[in-house]
There are 2 protein chains.
Amino acid sequence: REAFRSLSAAEFFYRNREIAGFSNPSRALYQTVRELVENALDACDSHEILPSLYIGIKLVDPIKSFYKVTVSDNGIGVPPYYVPYAFGQVLFGSKYKLRQTRGMFGLGAKMAILYGQLTTGKPVEVETTPLGSRYKYYFKIMVDIKRNEPIIIEQRVRKLKKKTHGTTVSVTIEGDWSRAKNKVYEYIKRTAIATPYANITFVPPDNSEVIVYKRVIDKIPPPPKEVKPHPHGVDIEMLKMLISSSEASTLKEFLAESFQSIGLITAERFLRDIGFDPNMSPEKLTTEGIKALVSGLKEYKDFKPPRTDALSPLGEELIVAGLRSVLEPEFVAATTRRPSAYSGHPFIIEVGIAYGGKIPSKDEPQLYRFANKIPLLYDEKADVSWKIVSNVIDWKAYGVEFPAPLVVLAHICSTKVPYKGVGKESIAEVPEIEKEIKNAIREVARKLRTYILKKRREEELRKK
Amino acid sequence: REAFRSLSAAEFFYRNREIAGFSNPSRALYQTVRELVENALDACDSHEILPSLYIGIKLVDPIKSFYKVTVSDNGIGVPPYYVPYAFGQVLFGSKYKLRQTRGMFGLGAKMAILYGQLTTGKPVEVETTPLGSRYKYYFKIMVDIKRNEPIIIEQRVRKLKKKTHGTTVSVTIEGDWSRAKNKVYEYIKRTAIATPYANITFVPPDNSEVIVYKRVIDKIPPPPKEVKPHPHGVDIEMLKMLISSSEASTLKEFLAESFQSIGLITAERFLRDIGFDPNMSPEKLTTEGIKALVSGLKEYKDFKPPRTDALSPLGEELIVAGLRSVLEPEFVAATTRRPSAYSGHPFIIEVGIAYGGKIPSKDEPQLYRFANKIPLLYDEKADVSWKIVSNVIDWKAYGVEFPAPLVVLAHICSTKVPYKGVGKESIAEVPEIEKEIKNAIREVARKLRTYILKKRREEELRKK
Ligand SMILES: Nc1ncnc2c1ncn2[C@@H]1O[C@H](COP(=O)(O)OP(=O)(O)OP(=O)(O)O)[C@@H](O)[C@H]1O
Ligand SMILES: Nc1ncnc2c1ncn2[C@@H]1O[C@H](COP(=O)(O)OP(=O)(O)OP(=O)(O)O)[C@@H](O)[C@H]1O
Ligand SMILES: [Mg+2]
Ligand SMILES: [Mg+2]
């Protein structure tokens, strides 16, 4: 009487696309731009390439409101064998690793492509030259939704005369530029703040001027390294998977090889502490043994904290320079906190505060949110940073009385940003992260208070 | 240099479980209860069975904080062939239809089961007797995460002496009752308000008293019917899928059979209007023909509006009775709006307002949200209803000055509730829905104003 069936991952995200930010043409245009831009930037700064990005939106059918969105980069490119899957299979990608990247779901590009397919029927066009290759590969791809497989509409290869590398992705979607444009301009501007080592050119669809952000830093930050999981983030299923993919012959070698922050000596001491033979074979572990090992790993206090070379923060200098150039404030200060961790994932919180000058006065703090260098522009009220900035911090105690010209920038970078949804717009309330954001804001707010009090005293002296 | 791979749907939701509400033990305990309760209620009221539910939470390991959550119902049961998939395969279920149900993703039960697996290593236990069967089937199931397939740990059958039907599901998870209990009690209480035709017994884990909600209505509302899609909700991919699964030999028959609100005569007239031969074979449509048909279907004004026998609203009587019994207010009024639609999905907005009496005074309106009869308790500030209640409605104009004892109940029912996330906690900003919620609140707020003004006049007369 009930009709049972399964869905492919492509069917699921096609049917529930509003969950990924594709809820209407205006939001979809914004989301398409950002998914392609985030892929382009990852392809560059994960590989120590100074990014040069071209972003173009072209109105191709004014009656149906169809736009062609093109993003071009000088990144590492995509190996031709993987192009159909990277752009034609939902839940496929190269960012399922423990390393700070903008991408993490293996979904973003495909959502834009699916939305193009269902609104305009057009395939995505991908051109790519992988680093070191002398060929340019052209693909036209659609997603077979029922099977979650790529459909290659067309593919060509061309030999190049001069060496180059990078990727261009074009999707044609139904959009709404008039409703989306403020958010698109703001997203690109804030991306330029977060990536001052990138050249970004943006060509909008109406006859508005081309926007160019030239790089202001010629040195690329060291790319995040891939790390192994930290024992404090382990669970029963993760441990089972690590055991089945490990070739270690002893339990202590298994721990030292599979986890970060565990050396052979620590592994031996830990295992003896919880009553295991360090030289037993991992395959001999029973279900109860696995459970005991998981509890032990999560609770052991003497593992080193999570490594932070998997992270790439913005840095205080960059935050101050960015806020200064965009806002022209009277006061700017920033802090990059020491690394912390939640569930075995390292994270760093950075906060900047700008005050006065050309900042307009508002009834509430103006919050600029970033996560793994991505600007977050929607769902502000659902974000943990907003909860802290509006409800937890007592601004009066720092000399700020609303209405006030106050901007707060908050950046979280992590090997796993705890987004509330696959549309990547707001951050969930993880206790360790909440605590760090609060302390970071207080740290910078104290500097603001010093400045405000000093200014008031000078004001009073001047009156006498 | 980048390592490409795909994830199964089970791997994806295991890795990103906070997106489904499984972010920490307290939230996971709440989400586990609600996913099982929502399945139990669907199994009853979709099939005209007056629900009798048992909900039990048992502390099975105080040191590790493990709880066994059991939900038992007298619903339609699950055919034994499908039990392993229904409980062991992510994106598998019976609610992928155009009909109002609480479930819609084919994910909820599996998320609770995955969370149990990864925190306690224990399988889910399912007992079920399908309606009309003389057997009780027992299963112990786990999810093979890498393959997204069920693992049947154990299965047994027993012949029953007397006829019965229903399902019992038990998962053992790491939880946090002290942090979750307020929300769990509130969820069950509000569920009882929304389903006054259900008997609900709740046995909490500490030695607190057993909570019993006895049914106050002995008549079950007519269950929602399954309907075909409405032409205004069509897209290119949907039309292609409908064509490939249709056996109709003419285009007009294809439209009349595949869509609601299109009869053969309307189909013929519509097709001639947009320049198609009504008698051509659907298989002969070109890609351009499909696109033209999609535009035509979306824009044609003369199709009947979406059918509403796919919906089952609460009703004004029920809302008033529920608010009265729970809040003991001075004033209560409610409205069930006429059906509306977004993207071809019919929806109904219902609003209730309660004021004064035993309602405590607060600085803001107190909002009770429901969607397809499910109470929504998290992410209030991200919900479209909150946006309207706190920012759009001018309460002063209705005689309400804060702090005030004001409760607003908002219910949306639809063949597709536009949730913001798979955790089903807040509703996205769909323009048609926003407009309806606003008008529904205004309609009931006008009755509140009449009451408040009348009371003030009486007060003034009494003073003289
Ligand atoms: N411009 C590009 N240059 C190089 N590789 C790319 C580019 N765009 C996409 N890719 C590859 O395609 C994969 C899939 O991209 P997609 O956006 O769908 O997922 P993702 O970026 O891994 O995760 P997310 O869903 O969080 O964005 C990426 O992981 C990357 O390997
Ligand atoms: N108590 C129950 N009685 C009868 N059938 C059930 C019960 N619990 C689950 N099922 C069946 O198992 C399927 C899967 O349940 P699951 O909760 O995973 O998904 P869903 O309810 O369809 O959607 P959602 O993810 O939105 O909850 C259901 O569609 C239903 O057919
Ligand atoms: Mg991406
Ligand atoms: Mg369900």
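Residue numbers begin at 1 in each chain, while the letters A, B, ... track the order of the sequences. Not measured: the values here are computed from a predicted model.
Both the backbone and the side chain of A:Q117 have a heavy atom closer than 4.5 Å to some heavy atom of chain B. With a 4.5 Å cut-off on non-hydrogen atoms, B:M241 touches chain A through its side chain but not through its backbone. Looking at A:E174, the atoms closer than 4.5 Å to chain B (heavy atoms on both sides) all sit in the side chain, from C-beta outward. Looking at A:Y96, the atoms closer than 4.5 Å to chain B (heavy atoms on both sides) sit in the backbone and in the side chain alike. In this structure, no portion of A:S426 lies under 4.5 Å from any heavy atom of chain B. If you measure heavy-atom distances from B:L7 to chain A, the contacts under 4.5 Å come from both the backbone and the side chain. The contact between A:K291 and chain B is made entirely by side chain atoms (from C-beta outward), counting heavy-atom distances below 4.5 Å. Looking at A:P431, there are no atoms closer than 4.5 Å to chain B (heavy atoms on both sides), in backbone or side chain. Only the side chain of A:K64 comes within contact range of chain B, with at least one heavy atom under 4.5 Å from a heavy atom of that chain. Neither the backbone nor the side chain of A:Y81 comes within less than 4.5 Å of any heavy atom in chain B. In this structure, the portions of A:A3 lying under 4.5 Å from any heavy atom of chain B include both its backbone and its side chain. When heavy atoms are compared at a cutoff of 4.5 Å, A:M142 approaches chain B solely by way of its side chain, counted from C-beta outward.
Your options are A:G423, A:S8, A:G93, and the one with the most heavy-atom pairs under 4.5 Å with chain B is A:G93. The residue among A:S23, A:A382, A:P130, A:G421 with the most heavy atom pairs within less than 4.5 Å of chain B is A:G421. Among B:L118, B:L239, B:D383, B:I290, the residue making the largest number of heavy-atom pairs under 4.5 Å with chain A is B:L118. Of all the listed residues (A:T120, A:N24, A:V430, A:V294), the one sharing the greatest number of non-hydrogen pairs under 4.5 Å with chain B is A:T120.
Taking OG of B:S245 as the start and NZ of A:K146 as the end, the distance is 7.5 Å to the nearest 0.5 Å. A distance of 13.5 Å separates CD of A:E18 from CD of B:E429, quoted to the nearest 0.5 Å. To the nearest 0.5 Å, the span separating CD1 on A:I19 from OH on B:Y419 amounts to 10.0 Å. Between atom NZ of residue A:K298 and atom OG1 of residue B:T119 there is a gap of 7.5 Å, rounded to the nearest 0.5 Å. In this structure, CZ on A:F12 lies 5.5 Å from CZ on B:F105, to the nearest 0.5 angstrom.
At a threshold of 4.5 Å between non-hydrogen side-chain atoms, the residues A:R5 and B:F92 do not count as touching. The side-chain heavy atoms of B:R1 and A:L131, taken from C-beta on, include no pair separated by under 4.5 Å. Contact check for B:K420 versus A:D379: side-chain heavy atoms found under the 4.5 Å cut-off.
In this model, a donor atom of one side chain and an acceptor atom of the other lie less than 3.5 Å apart for B:D235 and A:Y14.
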Inset, instruction - With side-chain contact (heavy atoms from CB on, under 4.5 Å) as the test, would you mind laying out the steps for A:V78 and B:F4 before giving the verdict? - result: CA-CA 10 Å; A:V78 189; B:F4 289 84; 4.1 Å; yes

Inset, instruction - Determine, step by step, whether B:I145 and A:K240 satisfy the side-chain contact (heavy atoms from CB on, under 4.5 Å) criterion, reporting the C-alpha distance in whole Å, the side-chain angles of both residues, the deciding distance to 0.1 Å, and the verdict. - result: CA-CA 11 Å; B:I145 294 179; A:K240 284 185 186 171; over 6 Å; no

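Between A:E2 and B:R99 there is a salt bridge, since a side-chain N of the basic residue sits under 4.0 Å from a carboxylate O of the acidic one. Using a 4.0 Å cut-off between a side-chain N of Lys or Arg and a carboxylate O of Asp or Glu, B:E237 and A:R15 do not qualify as a salt bridge.
Residues A:K416 and B:N16 come closest through the heavy atom pair CE-OD1, 4.3 Å.
No more than 12 heavy atoms of other residues, nucleotides or ligands shown are found within 6.0 angstrom of NZ on A:K225. Within 6.0 Å of CZ on B:R147 lie no more than 12 heavy atoms contributed by other residues, nucleotides or ligands. Heavy atoms from other residues, nucleotides or ligands lying under 6.0 Å from OH of A:Y85 number 12 at most.
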